[in-house]
Trainee: 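Structure provided below as structure tokens; questions to follow.
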Amino acid sequence: MTKVTLITGDGIGPEIADATRRCVDATGAAIEWDVQLAGVDVMETAGTPLPEATLESVKANGIALKAPITTPVGTGFRSVNVHLRQLFNLYACVRPCKSYKGVRSKYDNIDLVVVRENTEDLYAGIEYEKGSKEVLELIDWLNAHSSRTIGPNAGISVKPISVEGTDRIVSFAFEYARKMGRKKVTSVHKANIMKFTDGLWLEVSREVAKRYPDIEFEDRIVDNMCMQLVQKPELYDVLVMPNLYGDILSDLCAGLVGGLGMSPGANIGEKGAIFEATHGSAPKYKGLNKVNPVALILSGVLMLRHLEMTDEADRLEHAIAAVIAEGKSVTYDMKPDRNDPTAVGTQEMADAIIAHIKAGR
Ligand code: NAD
């Protein structure tokens, strides 16, 4: 049995976690769940949204399936999601975007994977507030060392991109392509403008590509990449990019295949992997048995593939695809009219998926 931490989250988290657990179990996967709490609901009793027991469980098991967690605004608590990523150094964010028959979308032939670097770039959290002592010192230094002048009323965010960080994520993208039988990796950048950060990214990408002669390699400037994804998404396979472009393009790609309800994700590092839906905790739907569980169930598929439980992953994915294609036992957001009275609840959609798995259809 493989032990997996199941973090049930808050808001709609516990409902979709339960639906996902039941679907994964129906495949017969040899998984022992270690159920742990995190989020606003546990804060009152534990005094923290991320209890020590949850952290210890992720540390011990190395694999977690995580339902969404609310980031309360203005309470001083940092995002549990960001904290987990930093703590376990989950440097790769993987977001597959795939068309499923029956999902309303402008495209029907997309099968892309966005691999986003998770630790560097403008999201490294190195920022200096306008007017602060640090920013004024930094501006003085920059004005003395460049031909451009920055005025005293600027705030500054720093964009670190390193050889090691780039090598690690681009290698990850190639390894992922190999493991998943994919044919091409596209490195996305803005090297024509930011020569010492994105230029470095491109140079290292090209070096890494030489180690994988069996996988096609190309690069795209990020603005052109956006246009290409809208016009010819079928030309692309695995896309690897720095943190900021990855944040934006993974939502763009989710939009191509029907939105956040269809968008699973994984955060992977050397010490572990956390699988989660791209959407948040949608607190207004909490406890209503209404929302779509598919993004978290598809994250379960990614987890099964990561654990090399390929047969179980295939059966679960086929069952999800079949239920969506039938269009009968689906939640309100997948119906042509959101007020369609035939829409089913979260658990009933999971039941339909389980019935397909059991029938071996
Ligand atoms: P959200 O994704 O929770 O919800 C936005 C809207 O999307 C919802 O009102 C709903 O209409 C729709 N939606 C989301 N998930 C759905 C589903 N499964 N089925 C059907 N419709 C769905 O985004 P938000 O309102 O900006 O964020 C709510 C909270 O979630 C915030 O505190 C945010 O910080 C947090 N969040 C957590 C994660 C995470 O845990 N990884 C990710 C994003 C946001």
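Everything numeric in this text was worked out from a predicted model, so none of it was measured. Both counts, for ligands and for their atoms, begin at 1 and track the order of listing.
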Trainee: Could you tell me whether Arg315 and Glu312 make a salt bridge, using a distance below 4.0 angstrom between a side-chain N and a carboxylate O?
Mentor: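 Glu312 and Arg315: not salt-bridged.
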Trainee: Among residues two or more places apart or on two chains, list those pairs meeting salt bridge (charged side-chain N to carboxylate O under 4.0 Å, His left out) that have a residue in residues 339-351.
Mentor: Arg22-Asp351
Trainee: Does Glu164 pair with Arg168 as a salt bridge, N-O distance under 4.0 Å?
Mentor: no
Trainee: Distances for all N or O pairs of ligand 1 and the protein under 3.5 Å?
Mentor:
residue, atom, partner, partner atom, Å
ligand 1, 2 (O), Gly280, N, 2.7
ligand 1, 3 (O), Gly280, N, 3.4
ligand 1, 3 (O), Gly280, O, 3.4
ligand 1, 3 (O), Ser281, N, 3.1
ligand 1, 3 (O), Ala282, N, 2.8
ligand 1, 15 (N), His279, ND1, 3.4
ligand 1, 18 (N), His279, NE2, 3.2
ligand 1, 18 (N), Asn292, O, 2.9
ligand 1, 19 (N), Asn292, N, 3.0
ligand 1, 21 (N), Tyr332, OH, 3.4
ligand 1, 30 (O), Ser281, N, 3.0
ligand 1, 30 (O), Ser281, OG, 3.2
ligand 1, 32 (O), Thr71, N, 2.9
ligand 1, 34 (O), Thr71, OG1, 3.4
ligand 1, 40 (O), Lys66, NZ, 3.3
ligand 1, 40 (O), Ile69, N, 2.9
ligand 1, 40 (O), Asn81, OD1, 3.2
ligand 1, 40 (O), Asn81, ND2, 3.2
ligand 1, 41 (N), Glu276, OE1, 3.1

Trainee: Let me have the donor-acceptor pairs involving side chains of residues 9-17, under 3.5 Å, with sequence neighbours excluded, atom names and distances please.
Mentor:
residue, atom, partner, partner atom, Å
Asp10, OD1, Thr70, N, 2.9
Asp10, OD1, Thr70, OG1, 2.6
Asp10, OD2, Val40, N, 2.8
Asp10, OD2, Thr70, N, 3.2
Glu15, OE1, Asn289, N, 3.1
Glu15, OE2, Gly287, N, 2.4

Trainee: Quick one: do Lys183 and Asp237 make a salt bridge, cutoff under 4.0 Å?
Mentor: no
Trainee: Between side-chain atoms of residues 261-271 and protein atoms elsewhere (two or more places apart, or another chain), which donor-acceptor pairs fall under 3.5 Å?
Mentor:
residue, atom, partner, partner atom, Å
Ser263, OG, Thr278, OG1, 3.1
Asn267, OD1, Asn118, ND2, 2.9
Asn267, ND2, Glu276, OE2, 2.8

